[in-house]
4 protein chains.
Amino acid sequence: MPKVGMEPIRRKALIEATINEIGAVGSLDVTVGKIAKRAGVSSALAHHYFGGKDQILLAAMRSILARFGANVKHELAGAKTPLQRLEAIIAASFHADNFQPQVVASWLTFYVLAQNSKDAQRLLQVYAQRLQSNLVYDLGKLTDRDQAHRIANGMASIIDGFYIRQALQTHSDRDDTISIVSEYLHLQLKQASLRTHT
Amino acid sequence: MPKVGMEPIRRKALIEATINEIGAVGSLDVTVGKIAKRAGVSSALAHHYFGGKDQILLAAMRSILARFGANVKHELAGAKTPLQRLEAIIAASFHADNFQPQVVASWLTFYVLAQNSKDAQRLLQVYAQRLQSNLVYDLGKLTDRDQAHRIANGMASIIDGFYIRQALQTHSDRDDTISIVSEYLHLQLKQASLRTHT
Amino acid sequence: MPKVGMEPIRRKALIEATINEIGAVGSLDVTVGKIAKRAGVSSALAHHYFGGKDQILLAAMRSILARFGANVKHELAGAKTPLQRLEAIIAASFHADNFQPQVVASWLTFYVLAQNSKDAQRLLQVYAQRLQSNLVYDLGKLTDRDQAHRIANGMASIIDGFYIRQALQTHSDRDDTISIVSEYLHLQLKQASLRTHT
Amino acid sequence: MPKVGMEPIRRKALIEATINEIGAVGSLDVTVGKIAKRAGVSSALAHHYFGGKDQILLAAMRSILARFGANVKHELAGAKTPLQRLEAIIAASFHADNFQPQVVASWLTFYVLAQNSKDAQRLLQVYAQRLQSNLVYDLGKLTDRDQAHRIANGMASIIDGFYIRQALQTHSDRDDTISIVSEYLHLQLKQASLRTHT
DNA sequence: AATGAATGAGCCTTCATTCAT
DNA sequence: AATGAATGAAGGCTCATTCAT
């Protein structure tokens, strides 16, 4: 039983516990005490390692965002063409990891948190902008700049829309979801190409 | 002058105060005390009329949903063709009344509330299903049943997506938003007609 | 049992309880909960009426200061000559009301509080300056300005000194104490008059 | 190189840190953790060496008292006559070492501590009695026993009074302070001699 | 019709203290 | 000799809720 170097272990456990707790109680009533209990430690320890409730939530948020980023990167690895890259981003968005109930519930909580916490807001905006630039970058190779922005905007919205509907337990099939978003992309591109070439 | 018939006045005032309070504090920290103060009454009175905090929130939710329904009905009034009706639904969704910051913040809160309250969940689902059936009904006249469901699903998601992005203060232009959703509809219909006729 | 207009009664009771609690536990460990219990109410009510612990302490401080001020005013009422007025101030300082163990313990607490609270500091300085100006004013009629300030300074210090020693339970006789301070005053005045007339 | 003989070094550092911490935060909020951090060690070590918070404070108190005693002894070294000795005690009381803000803040803290801790109380009383006997002893050579006690009492009070006023940041000039106390002594002695010879 | 009074329950946070390493 | 790990206990504060008037 190691008695040193516990910090990373505890941090990880607490972050995991936070996400699961949010998933379990649906974001309301999420309490430092309950998170700590779920992680098998005292609430004092949670404060010791994170400094406060907000920072625990923020850390959980960062963790989810990081995992999402990693998933995107991973999916992107095998993609060659811009279109493949765009499809990869869609796939990553609905990757099982990111689309789990607890994770989706966490997203919802973070959206709410972002209404009052500058830090949470910044975090969420950084993520949103990165997604947006990824989309715009690849779309830019397939159509003009204005269309790229427009389509990126639509895609991001439709993805967020499916997320929030998932949070509401309007369970939809993952593959159906992906195909709807993917189809959106294709139709928009076809239409954009028509517009451009006319 | 005995004050009679105050109940509907107070209820209305409290519901309005609830929505504004949610809009003001961003859904967190919304307190019966603050709602009551905003409505100019004591918190005890709020309990007296509604029975509890959850029911106050539910009433506010019903109010927003009702207003939304009225807006839809109003927009639908002048619509003749199925396509016009679908456009009317889109227009109503982004009608200024429904797209105000406080209202959008309230939606977010209700989504969260729905995670824990059966009543809130039911309310939200009733609304979602009504929207869905409206969409499916009109789409059904323009394409086959499967396609209708699919397109309705996509439309609802993209609308919800724009809502949540609005809640995050990713302010987008109302007309742009409408045109993106509307375009989505048209492209899907064109595509569906191709599929059907082949 | 009156159920309205409780506020002043509760405030008074809580302030009294604060002073007694400070006296009882010796200023350390003084807790909102204990104060409230001593006043026969819940700690929530104490917060309701005062807003927070600091403000409760501040209110107790103001009460003691006010009582002190009233005692001074009362003693001053029968005083005619400047010398009588100065003696009256001394008498008031060691008046039974102000020299009770709980009250003296409260003073000590307030001194400590003043180290960290701007409000407490200001309060204490207002009191100190008022005492100082009273002393200087009357001394100024008996000697020159410089001497007046000097003697006032000495008198205030010796009074404070007896207070703190009282807080330490170095019980000294009240009359002895008064006579020592009074004697200080007389000797200083005699000396000052010598200095001036030479 | 095994670290041996660290104990006295750590103890000294912790005591010094305690005094400075009290001076820095104004006696409230003084925490074992902060003291330890200031001393550059873990709070566990502080407990290891002292056994508990109270004992750390007590040790700091003893240190200040000892330093004060040393200062008195040092000043007394050059004093020949009783009067010179009395003046030496006054000088020592306001010696720069003892009149530093941190030291004065510590005194205030100890006064508060003494309200609840038997040990602190005893310590403070030992110091007070030693000072008192010193004063009485020398005064006894200049006047009768009753007068000696009386004057010693006044002197001690006036010194304490200046201390507490210093703690309240009513900064007074050191030399002025000394001269006021010294003058007190002289006037009292003159008066006492009159009384005796009459 | 309306409210002031009052509280219990619960949450976040801090801190002295212990223990194994 | 020294510390990271960990916690129990307690405190300040908030809030939904009840009740008598």
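Just so it is clear: chains get the letters A, B, ... in the order the sequence lines come, proteins before strands, and each one is counted from 1.
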Just distance, no hydrogens or angles: give the donor-acceptor pairs under 3.5 Å from side chains in residues 106-122 of chain C, sequence neighbours left out.
| residue | atom | partner | partner atom | Å |
| --- | --- | --- | --- | --- |
| C:Ser106 | OG | C:Gln102 | O | 2.8 |
| C:Thr109 | OG1 | C:Ala105 | O | 3.0 |
| C:Gln115 | NE2 | D:Ala167 | O | 2.7 |
| C:Asn116 | ND2 | D:Val25 | O | 3.3 |
| C:Ser117 | OG | C:Asp119 | N | 3.3 |
| C:Ser117 | OG | C:Ala120 | N | 3.0 |
| C:Asp119 | OD1 | C:Arg122 | NH2 | 3.0 |

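- The nearest whole Å value for the distance from the CZ atom in C:Arg11 to the C1' atom in E:dA5 is 14 Å.
- Taking the nucleotide of DNA chain F with the nearest heavy atom to each of D:Leu45 and A:Gly40, the more 5' of the two is matched to D:Leu45.
- Contact annotation: D:Arg10 does not reach the phosphate of F:dA1 (side-chain N/O to OP1 or OP2, under 4.0 Å).
- For the pair A:His48 NE2 and F:dG4 C1', the computed distance is 7 Å after rounding to whole Å.
- The nearest heavy atom of DNA chain E to C:Val41 and to B:Ser42 marks one nucleotide each, and the one closer to the 5' end goes with B:Ser42.
- Rounded to a whole Å, the CD1 atom of C:Ile9 is 16 Å from the P atom of E:dG4.
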Under 3.5 Å, sequence neighbours excluded: what are the donor-acceptor pairs made by side chains of residues 50-61 of chain D?
| residue | atom | partner | partner atom | Å |
| --- | --- | --- | --- | --- |
| D:Lys53 | NZ | D:Val30 | O | 3.0 |

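- Rounding to whole angstrom units, CE of residue A:Met6 and C1' of E:dC19 are separated by 15 Å.
- No side-chain heavy atom of C:Lys12 sits less than 4.5 Å from a side-chain heavy atom of C:Ile9.
- When every heavy atom of B:Arg11 is checked against every heavy atom of B:Tyr49, the shortest pair comes out as NH1-O, 3.1 Å.
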List, one per line, each side-chain donor-acceptor pair under 3.5 Å for residues 36-43 of chain C, sequence neighbours excluded.
| residue | atom | partner | partner atom | Å |
| --- | --- | --- | --- | --- |
| C:Arg38 | NE | C:Glu21 | OE1 | 2.5 |
| C:Arg38 | NH2 | C:Glu21 | OE1 | 3.1 |
| C:Ser42 | OG | C:Ala44 | N | 3.4 |
| C:Ser42 | OG | C:Leu45 | N | 3.2 |

message = Output the pairing pattern of DNA chain E as a dot-bracket string, 5' first, Watson-Crick or G-U wobble with both distances under 3.5 Å, | for cross-strand pairs, [ ] for crossing pairs.
response = .||||||||||||||||||||
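- The shortest distance between the side-chain N/O atoms of A:Tyr49 and the OP1/OP2 oxygens of F:dA6 is below 4.0 Å.
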inquiry  = Apply salt bridge (charged side-chain N to carboxylate O under 4.0 Å, His left out) to residues B:Glu16 and B:Arg67 and explain how you reach the verdict.
reply    = CA-CA 12 Å; B:Glu16 210 57 36; B:Arg67 218 175 301 174; 3.6 Å; yes
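- Annotation: side-chain hydrogen bond (donor to acceptor under 3.5 Å, both in side chains) contacts involving residues 22-36 of chain C, sequence neighbours excluded, are absent.
- In this structure, B:Ile35 places its CD1 atom 18 Å from P of F:dT14, rounding to the nearest Å.
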All N/O pairs under 3.5 Å across the protein-nucleotides 15-18 of chain E interface:
| residue | atom | partner | partner atom | Å |
| --- | --- | --- | --- | --- |
| E:dA16 | OP1 | D:Lys53 | NZ | 2.9 |
| E:dA16 | OP2 | D:Val32 | N | 3.1 |
| E:dT17 | OP2 | D:His47 | NE2 | 2.9 |
| E:dT17 | OP2 | D:Lys53 | N | 2.9 |

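- In terms of heavy-atom proximity, A:Gln125 sits nearest to B:Leu168 at NE2-O, 4.3 Å.
- A:Glu7 places its CD atom 16 Å from the P atom of F:dT3, with the value rounded to the nearest Å.
- The CD1 atom of B:Ile19 lies 11.5 Å from the CG atom of B:Leu14; values are rounded to the nearest 0.5 Å.
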